[in-house]
Amino acid sequence: MSTPEATPAGNFIHDIIDADLASGKVQQVITRFPPEPNGYLHIGHAKSICLNFGIAAKYQGRCHLRFDDTNPTKEEQEFIDSIMEDVRWLGFDWGEHLYFASDYFEQLYAWAVELIQAGKAYVCDLSADEVRQYRGTLTEPGKESPYRTRSVEENLELFGRMRAGEFPDGSKTLRAKIDMASPNLNLRDPALYRIRRAHHARTGDKWCIYPMYDWAHGQSDSIERITHSICTLEFENHRPLYDWFLDNLPVPAHPQQIEFARLNLTYTVMSKRMLRELVETSQVEGWDDPRMPTLAGLRRRGFTPASLRAFAERIGVSKRESLVDVTLLENAVRDDLNANARRVMGVLRPLKVVVENWPEGKVEQLDAPYHPEKPEMGSRKVPFTRELYIEREDFMEEPAKKFFRLSPGKEVRLRWAYFLKCESVVKDEAGEIVELRCTIDPESKGGTPPDGRKVKGTLHWVSAEHAVEAEVRLYDRLFNHENPAAGGDYKAHLNPSSLERLKGRLEPSLERAKGGEHFQFERQGYFFADPKLSKDGAPVFNRVVTLRDTWAKIAGKE
RNA sequence: UGGGGCAUCGUCUAAAGGCAGGACUGAGGACUUUGAAUCCUCCUAUCUAGGUUCGAAUCCUAGUGCCCCAGCCA
């Protein structure tokens, strides 16, 4: 069991566990994360993973990884693999406690037989349509199935033949005999088994009957001696059924189901259906597209496991449905990368600068520290030459109020280099600025002139001759609506400019950047060398998140 | 309209009858070789109406609003 960081800050589930420990109801806390392998994990799952593994760590218990693989028509090995990879990447370790609900199929079958013997389950021949008719509605009770009164012997025989494959798919179900008049629809004789000739990723063609979620989940929890079975709010209505099974079966333990509110994040969608649709309709480049809220996507974008854990910690856990502001996530990754990412310089939209008083051909290697607060991170050399690029938006011919970057006659500092003064502006026939003629103060080498004069602006820059050209991908939110799933047509809210690809001019050290490395491009944001796209000597950078931009705020107000 | 849940700053989330606290956001300032980071200051909340109580976010009553449930999905 790994424990990434100490994580107190309690929630209502911790309170329940504290009470159970205090009363002696449980000695060791055991939780589980139970994904269905029918899709990729997303940040909502990360909340659950952090909760369950976090509890195990806090109480020195353990957390199992259990795949809820009871529906072979939807589940695939690809998803099993990706889920394990994602949980590990997030920083959690289930040790030897990897389980599959399908491991329990035999035991589940035996319990079903016992339920039949106890007169509490029966084989029903109603079609799916008929079952729906018989179920009643929210306000009216259901009708009992005509097959409800079959004898134990007949049920046993029929159930055995269901398993043996004697009946066609969908022709029969095994149902619990509970109460067709219950106001809780889950208790109106729920199906336990359906007949489905489908190849299962783990059991192959051994079975043609498969257990339903409700029948499998609680018993699986019990087999694994889970003490606290934590799930999302929509399963609250299932808890009476969860308990009914455990109360009516000779199970080894009766775990406690606890529900919490799932995560919703602004400017994205979280439903598996919608995410799948985005992938299948090529709105994104795949499950791991850096704009996706999947763990694979966030990982490729450059989010760190620590930042996701910190985010989970900050949003807390409760039963209130909420829509968490995505800036919380963005700030979590800024915090992590601010502390740990090397600073480098890269110009995204270049504007040429000619330093008139710098000799042609002269190259000076200047020392530039990698982190302003962590000298132990070392430094690299950046070449200074007569022709440079600066950021286009760092120059204004007619400066706005409070603009203290470069403009005609004004002086700024080039980071780690010299003070630079703009002498004149060169334009093309169309009136576009194509070049700046400037001079530097040779006395100001390193960035501090001996006369002690100050400048308000410091600019990043790169030597034109030495610049490495690399693809830089500027990612923005996938949707331009705070809650795209709310209205119905979420695709109408897709942000058309969620990806901008451009050719950056980067400082030479970046040519050696390896896929998987993080950087701060100073004054721009945090970037990540895409592990999938980067090649040796040809990195591709994803923008994880911009830096906070006070200037944009000021400029926006003017 | 049956049943199950949930209502606290803009957003999340604490407070188990005793000063409504924290984080993020926002506003202002200090510092700054990143308009970043850091530091300081400040603003903003108990769904409504009654009741119990010396005292209510918390207990009671009656409302209101939102979410979930009619898969042989999970």
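Throughout, a chain's letter reflects where its sequence line sits, starting with A, and its residues are numbered from 1. Predicted, not measured: the structure shown is a model, and the values here were computed from it. These values consider heavy atoms only, across backbone and side chains, with no hydrogens, waters or symmetry-generated copies.
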Side chain proximity check, A:Thr266 to A:Val324, heavy atoms < 4.5 angstrom = no

Taking the C1' atom of each, how far is B:A7 from B:U11, in whole Å?
-> 15 Å

How is A:Pro372 classified with respect to the nucleic acid when contacts are heavy atoms under 4.0 Å: base, sugar-phosphate, or nothing?
-> base

Which part of the nucleic acid, if any, lies within contact of A:Gln524, taking any heavy atom under 4.0 Å across all strands shown: a base, the sugar-phosphate backbone alone, or nothing?
-> nothing

Which nucleotide in B:A74, B:U34, B:A16 has an atom nearest any side-chain atom of A:Glu234 | B:A74

Checking all strands, does A:Arg135 fall into the base, sugar-phosphate, or nothing category for heavy-atom contacts under 4.0 angstrom?
-> sugar-phosphate

Please determine, for the side chain of A:Asn331, which listed nucleotide (B:A36, B:U25, B:A70) has the closest atom?
-> B:U25

Mind calculating the distance between OH (A:Tyr526) and P (B:U34) to the nearest angstrom?
-> 13 Å

For the pair made of CG in A:Asn38 and P in B:A74, what is the distance, rounded to whole Å?
-> 10 Å

Please tell me which of the listed nucleotides, B:C73, B:G35, B:U34, lies nearest to the side chain of A:Gln520?
-> B:U34

Step-by-step side chain to side chain contact (heavy atoms under 4.5 Å, CB included) determination, A:Arg453 to A:Glu411 | CA-CA 11 Å; A:Arg453 74 182 189 280; A:Glu411 191 174 46; 2.7 Å; yes

Would the A:His238 and A:Tyr242 ring centres measure less than 6.0 Å apart?
-> no

Could you tell me whether A:Leu459 contacts a base, only the sugar-phosphate backbone, or nothing, with contacts defined as non-hydrogen atoms closer than 4.0 Å?
-> nothing

To the nearest Å, how far apart are A:Glu140 CD and B:A70 C1'?
-> 11 Å

Regarding the side chain of A:Phe235, the nearest nucleotide among B:A74, B:G71, B:C24 is B:A74

Is there a donor in the side chain of A:Thr327 and an acceptor in the side chain of A:Glu330, or the other way round, less than 3.5 Å apart?
-> no

Closest listed nucleotide, where the reference is the side chain of A:Lys553 and the choices are B:A74, B:G26, B:C73 | B:G26

Considering Watson-Crick and G-U wobble pairs with both distances under 3.5 Å, what does B:C19 pair with?
-> none

Pairing partner (Watson-Crick or G-U wobble, both distances under 3.5 angstrom) of B:A45 | none

Check whether any side-chain N or O of A:Arg314 sits under 4.0 Å from OP1 or OP2 of B:G22, and answer yes or no.
-> no

Rounded off to whole Å, could you give me the CG-to-P distance for the A:Leu126 and B:G71 pair?
-> 14 Å

Looking for any heavy atom pair under 4.0 Å, which part of the strands does A:Tyr210 touch: base, sugar-phosphate only, or nothing?
-> nothing

Tell me: NZ of A:Lys454 to P of B:C31, nearest whole Å?
-> 10 Å

Looking for any heavy atom pair under 4.0 Å, which part of the strands does A:Phe404 touch: base, sugar-phosphate only, or nothing?
-> base

For B:G71, is chi within 90° of 0 (syn) or not (anti)?
-> syn

A:Phe235 and A:Tyr213: aromatic ring centres closer than 6.0 Å?
-> yes

Look at all strands and tell whether A:Thr139 reaches a base, only sugar-phosphate, or nothing, counting heavy atoms closer than 4.0 Å.
-> base

Is any side-chain N or O of A:Arg196 closer than 4.0 Å to OP1 or OP2 of B:C73?
-> yes

Distance in angstrom units between A:His238 NE2 and B:G3 P, rounded = 18 Å

Check every atom of B:A70, B:C24, B:C12 against the side chain of A:Ile315 and return the nucleotide holding the closest atom.
-> B:C12

Integer angstrom distance from the P of B:A27 to that of B:C60 = 42 Å

Base, sugar-phosphate, or nothing for A:Glu259, non-hydrogen atoms under 4.0 angstrom?
-> nothing

Determine the contact category for A:Leu192: base if any of its heavy atoms lies under 4.0 Å from a base atom, sugar-phosphate if only primed atoms, P, OP1 or OP2 are that close, otherwise nothing.
-> nothing

A:Ser322 side chain, from C-beta outward: closest of B:G35, B:C69, B:U13 | B:U13

For A:Ser127, report the nucleic acid contact type (base, sugar-phosphate, nothing); a contact means any heavy atom under 4.0 Å.
-> base

Ring-face cation contact, A:Tyr109 with A:Arg163, 6.0 Å cut, 45° max = yes

Is the aromatic ring centre of A:Tyr213 closer than 5.5 Å to the centre of the six-membered base ring of B:A74, with the two planes inclined by less than 30°?
-> no

So does A:Ser318 get a side-chain nitrogen or oxygen closer than 4.0 Å to the phosphate oxygens (OP1/OP2) of B:U13?
-> yes

In Watson-Crick or G-U wobble terms, with both distances under 3.5 Å, the base opposite B:A14 is none

Just checking A:Asn237: base, sugar-phosphate only, or nothing, at a heavy-atom cut-off of under 4.0 Å?
-> base

A:Phe260 ring center within less than 6.0 Å of A:Phe12 ring center | no

Reckon A:Thr458 touches a base, only the sugar-phosphate, or nothing at all at heavy-atom distances under 4.0 Å?
-> sugar-phosphate

Would you state whether a donor and an acceptor, one from the side chain of A:Arg548 and one from the base of B:G35, lie under 3.5 Å apart?
-> no

Integer angstrom distance from the P of B:C59 to that of B:G17 = 9 Å

Output yes when at least one side-chain N/O atom of A:Arg523 is less than 4.0 Å from OP1 or OP2 of B:G35, else no.
-> yes

Give a yes or no on whether the ring-centroid distance for A:Phe105 and A:His200 is below 6.0 angstrom.
-> yes

Nearest of B:A37, B:U34, B:U13 to any side-chain atom of A:Arg343?
-> B:U34

